[in-house]
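The structure appears right after this line, and notes come after that.
Throughout, protein chains are lettered first and strands after them, A, B, ... in sequence-line order, and every chain is numbered starting at 1.
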Amino acid sequence: MNTKVSINEQIRLILIENSEVLFGIKIDENLIQFQKTRKEVEGDVTLVIFPFVKALKCSPIEAGNKIGDFLKEKLNSIASFEVVSGFLNISINSIYWIEQLKVIEVDPLFGFDSPNSKSTVMVEYSSPNTNKPLHLGHLRNNFLGYSVAEILKANGHKVVKTQVINDRGIHICKSMLAWDKFSPLNDKGERETPENTGLKGDKLVGKYYVEFDKQFNAEAKDIISLWENGDFSNFPSSIIEEFKKLTDSKEGKDEKAIKGIDDKIKDLAKNETTLLREAKEMLVKWEARDPQVYLLWTTMNSWVYSGFDVTYKSMGVDFDKLYYESDTFILGKDIVIEGLQKGVFFKKEDGSVWIDLTEDGLDEKLLLRSDGTTVYMTQDIGTAVDRYKDYSDLSGIIYTVGNEQDYHFKVLFLILKKLGYSWAENCFHLSYGMVDLPSGKMKSREGTVVDADDLMHEVIDKAGALTAERGHLEGMTKEDINTLCRTIGMGGLKYYLLKVDPKKRMMFNPDESIELNGNTGPFIQYAYARINSLINRSGGIQSYNSIELKEEEREIIKLLIEYPTVVKEAGKMYSPAVIANHIYELVKSFNQFYQAVPILIEENQDAKNLRLELSKNVAKVIKSSMKLIGVEVPERM
RNA sequence: GGCUCCGUAGCUCAACUGUAUAGAGCACUACAUUACGGCUGUAGAGGUUUAAGGUUAGAAUCCUUACGGGGUCACCA
C-alpha cells in the first residue's frame, strides 16, 4: 500500500487513468471534487457525483454505484461505500488510517515544506508612527504579520520580516515642538525625559503629541472667535473672504451640513495658527538638517524606539530588517523626479507633481508638494524600490496594513507598475479589518484608544488570577508561574485576534478573550497540557498491532492528516484563521475521544498504545499549529 | 455624492470559494462523571443567511436592484 499518497489523491489518479473505461471519455481533472463527509453519514471520503452524471448518462445513484464498485475493485483500502443522492461516501479500513498515523509519527516536520525550499518573501507589519504608542489595532496587525511570516516559512519560503518606521513628516515635528515648548522644567532645569519621569519613551512622546493637538485646537478656537467678533486684523484678505463665504453658506442648511462647514472653518483657522506655522518651519529645518532640530529628533526617536522594543518583546514579535522613512523619502523623491522627466507624472503651475490615474478609474494623486517636500506616497515608492535593491531575489512583498488604506495601496501598486517596475504585480496588500470594542469605535480624539501595553498587562493579570484559582501549580516556582500566566494571557489574546478571518472587521471583547471556555487559546493550551500529562504518566509508548478503530479515533486521524493541506491553504490565503479553526476542530474531537474512550486504564495493550500515540500526535500538531499563530503551549497549567 | 468592503442564531464567529438537513462557541434549559487533569462531554432550544428578483441540476456564496452599516475620496500619515 502506498502510504505517501493520500487516499483522495489515489482515488483521483485511478479515476483519471481509467476515465475512458469508466466514462467513455477523457474527463477533466476539475470534475473530481471531494468534500468533507457529513457526520450523519457513514464514510470517510466523499466524492461528488453530479459532475459525472452527464458522461455516464444515468442517475446520480447509478453513477455513484458504478464508480464506487470500480474503486473498491482497485483499492484494497476501501472497506465499503454508500451512495446518498449525488454523493459517494467511501469508508476506508482501519489499517489505512493506522498506517497514516505512523507516517505522521515519524515526520518531525509534519505539515511543513522543507525550510528555504521556496522563494524569498518579505512581510511588512507593524509600521508604527513614532508619535503614538501602539494600540489594540497594532496588536492585530503585529500578530497577523508575524503569523503570516511563520506560515510562509512553514510553506518553505524564506521570509524577511520588516517594518517601515514612519519617523518623519509634519506630525513628528508637532510632538517635537510641543515637547520643546510645553515640557515643564524640573528642579535641575531639565525637561521631561523617560529617565526623569519614569515614563516609557513612546508614552512620553505620545503625551506631547496629544498636548500639541490640545494647544493647537485651543489656538484655532481663539482665532475663530476673533473672526466671529469681526476682528480680521493680522489675517490676509483671502482668508477673510473665505471665512465670510463659508459663514454665509450656513444659511438655511441642516445641522449636519452646518457641522461640515464649521469643520472647514476650523481647518481654515488651524492654518493660521502660530503652532502649525512653527511646526512647518521645523519640518523645513529638519529637511535642511538643521543641527539643533536634528538632535532633538534623534533624541526623541530613541526614546520611542526603546519604548517600542519593550512592547514588541511583550508581543513576541521581531523583525529582520528595518526601514526608516527618513532614509527612503529622498529616494522616493528622486524616482518621482525621474518619472516626471519620463512623462509618467506631470507638474501643475504651482510646482506640485501629480499622476493622473483617471483612465484607470482612479483620481489624480499628489506626489510632491508645491514646496518640493514629499508625501506618504512618495516615501512608499522609495521604500518599495529600496527593498528590491536590498533583496534582489524577492518574489513578493506583503504589506500588512489596515483596510482603511485599500485605496492607497491600489494607487501605490499602480504607480509602481507605471514606473516600469515589473515586480509591482508581486506586491500584495494584506488588508485587515478594524477592531471594534463593545463600547464602540476606538477614537484617539475621544480617548477611547486601548493601549497595547495596558491590554497585555490586563490579560496576563487575569490569566494569573484564574490560574491561581484553578491551575495545577504544585511544585512550580514563582518564576514558572509568571511565565505560565504570560503564556496563557498572551495566548488567549493572540488566538482571539487571529481566529477571525483577517479581512473581516471584528469585535474585540476583552473579557471574552481571556475566557477559558469555548473557542479560545487557553482551551487549546489546556488540551495540550493534559495530553502532556497523560503521556508522562503512561511510562512510554510501545509498538502495537493494528486494531479496528473506533469512530472517535478515526475522526482524529482524519483531522491530523488534513494538517499539511491546512498549512498550505493558510499560506495561500495569508490567513492564520485557517490554522486556528482547524486546531480548534482537532481539539474538540480530541476532547470527545478523551471523554468517550479509556486510555491509560485500557487493558488491550494494542488499543492503549495506539491511543497514546494518537494523543501524542494530537499534541504535536497542536504545538506546531499554535507556533504558527505565535502562541506558546505550556507543558502543564 | 463617487469608489470600495460588509450584512449568517440574542451575542461573537464558521461554512473547504457553487453542493446533502447552513455549523461552532458564549448565554439559556436538561443531563453525565466512583475518571487517564471537570478549564470536560452529551442532549435540547435558538435561522425564510437584510429584502426582492435573476443565473442552474444545485446559491449564504455568482449577477441586478433596494435597504442598512463601515472605509475612503487631503499639498495628513
State which of B:U72, B:C16, B:U40 makes the closest approach to the side chain of A:Lys36.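 In terms of side-chain proximity for A:Lys36, the closest of B:U72, B:C16, B:U40 is B:C16.
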
Starting the side chain at C-beta, find the nucleotide from B:A24, B:A20, B:A14 nearest to A:Val84.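 Nucleotide nearest to A:Val84's side chain: B:A20.
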
Which of these, A:Tyr399, A:Phe409, A:Phe413, sits in a ring-ring contact (aromatic ring centres under 6.0 Å, His included) with A:His429?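 Among the candidates, only A:Phe409 passes.
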
When both hydrogen-bonding distances must be under 3.5 Å and the geometry is Watson-Crick or G-U wobble, what is [N] paired with, if anything?
| N | value |
| --- | --- |
| B:A51 | B:U65 |
| B:U19 | B:A57 |
| B:A30 | B:U42 |
| B:G1 | B:C73 |

[X] has an atom [atom1]; how far is it from atom [atom2] of [N], in whole Å?
| X | N | atom1 | atom2 | result |
| --- | --- | --- | --- | --- |
| A:Tyr324 | B:A77 | OH | C1' | 18 Å |
| A:Lys572 | B:C16 | NZ | P | 12 Å |
| A:Asn591 | B:U40 | CG | P | 7 Å |
| A:Tyr496 | B:A14 | OH | P | 11 Å |
| A:Gln35 | B:A20 | CD | P | 7 Å |
| A:Tyr528 | B:C36 | OH | P | 22 Å |
| A:Asp380 | B:A77 | CG | C1' | 10 Å |
| A:Met434 | B:U72 | CE | P | 6 Å |

Any base atoms under 4.0 Å from [X], or only sugar-phosphate, or nothing? Heavy atoms, all strands.
| X | answer |
| --- | --- |
| A:Met637 | base |
| A:Asn89 | base |
| A:Thr46 | base |
| A:Phe523 | sugar-phosphate |
| A:Ala529 | base |
| A:Tyr594 | base |
| A:Lys499 | nothing |
| A:Val83 | nothing |
| A:Met573 | base |
| A:Asn131 | nothing |
| A:Asp363 | sugar-phosphate |
| A:Gln405 | base |
| A:Lys410 | nothing |
| A:Pro60 | nothing |

Could you go step by step and tell me if A:Glu635 and A:Asn532 meet the side chain to side chain donor-acceptor pair (under 3.5 Å) rule? CA-CA 6 Å; A:Glu635 298 304 310; A:Asn532 193 48; 3.1 Å; yes

Counting only side-chain nitrogens and oxygens, does [X] get under 4.0 Å of the OP1 or OP2 atom of [N]?
| X | N | answer |
| --- | --- | --- |
| A:Asn517 | B:U40 | yes |
| A:Arg369 | B:A77 | yes |
| A:Lys504 | B:A14 | yes |
| A:Gln379 | B:A77 | no |
| A:Arg611 | B:C36 | no |

Indicate whether A:Phe50 forms a stack on B:G58; treat it as stacked only if centroid distance is below 5.5 angstrom and interplanar angle below 30 degrees.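 Here the ring of A:Phe50 and the base of B:G58 are not stacked, as the 5.5 Å and 30° limits are not both satisfied.
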
For A:Tyr526 and B:C39, is the gap between ring centres under 5.5 Å while the planes differ by less than 30°? yes

Between B:C36 and B:A30, how far is it from one C1' atom to the other, in whole Å? 28 Å

Roughly how far apart, to the nearest Å, are B:A51 and B:G46 at atom C1'? 22 Å

Let's go through A:Phe523 and A:Tyr526 carefully: what are the C-alpha distance in whole Å and the side-chain angles of both, what is the deciding distance for ring pair (Phe, Tyr, Trp, His ring centres under 6.0 Å) to 0.1 Å, and is it a yes or a no? CA-CA 5 Å; A:Phe523 175 77; A:Tyr526 176 72; 8.0 Å; no

Ion pair check, A:Lys616 and A:Glu613, cut-off under 4.0 Å: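 Looking at A:Glu613 together with A:Lys616, the answer is no, because their closest N to O distance does not fall below 4.0 Å.
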
Basic-acidic side-chain contact under 4.0 Å: A:Glu562, A:Lys558: no

5′-ward residue of the pair A:Arg537/A:Asn519 relative to RNA chain B: A:Asn519

5' precedence on RNA chain B between A:Val597 and A:Gly169 (nearest-nucleotide basis):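 The residue whose closest nucleotide sits nearer the 5' end is A:Val597.
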
Conformer about C1'-N of B:U17 - syn within 90° of 0, anti elsewhere: syn

I'd like to know if A:Glu512 reaches the base of B:U12 with its side chain, counting only an N/O donor and acceptor under 3.5 Å.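 Not at all, since no donor on one side and acceptor on the other fall under 3.5 Å apart.
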
Can you tell if the side chain of A:Phe143 reaches within under 4.5 Å of the side chain of A:Pro576, non-hydrogen atoms only? no

Does NZ or CZ of A:Arg530 fall inside the cone over A:Tyr594's six-membered ring, less than 6.0 Å from its centre and within 45° of the axis? yes

In terms of heavy-atom contacts, does CD of A:Gln35 have more than 12 from other residues, nucleotides or ligands at under 6.0 Å? yes

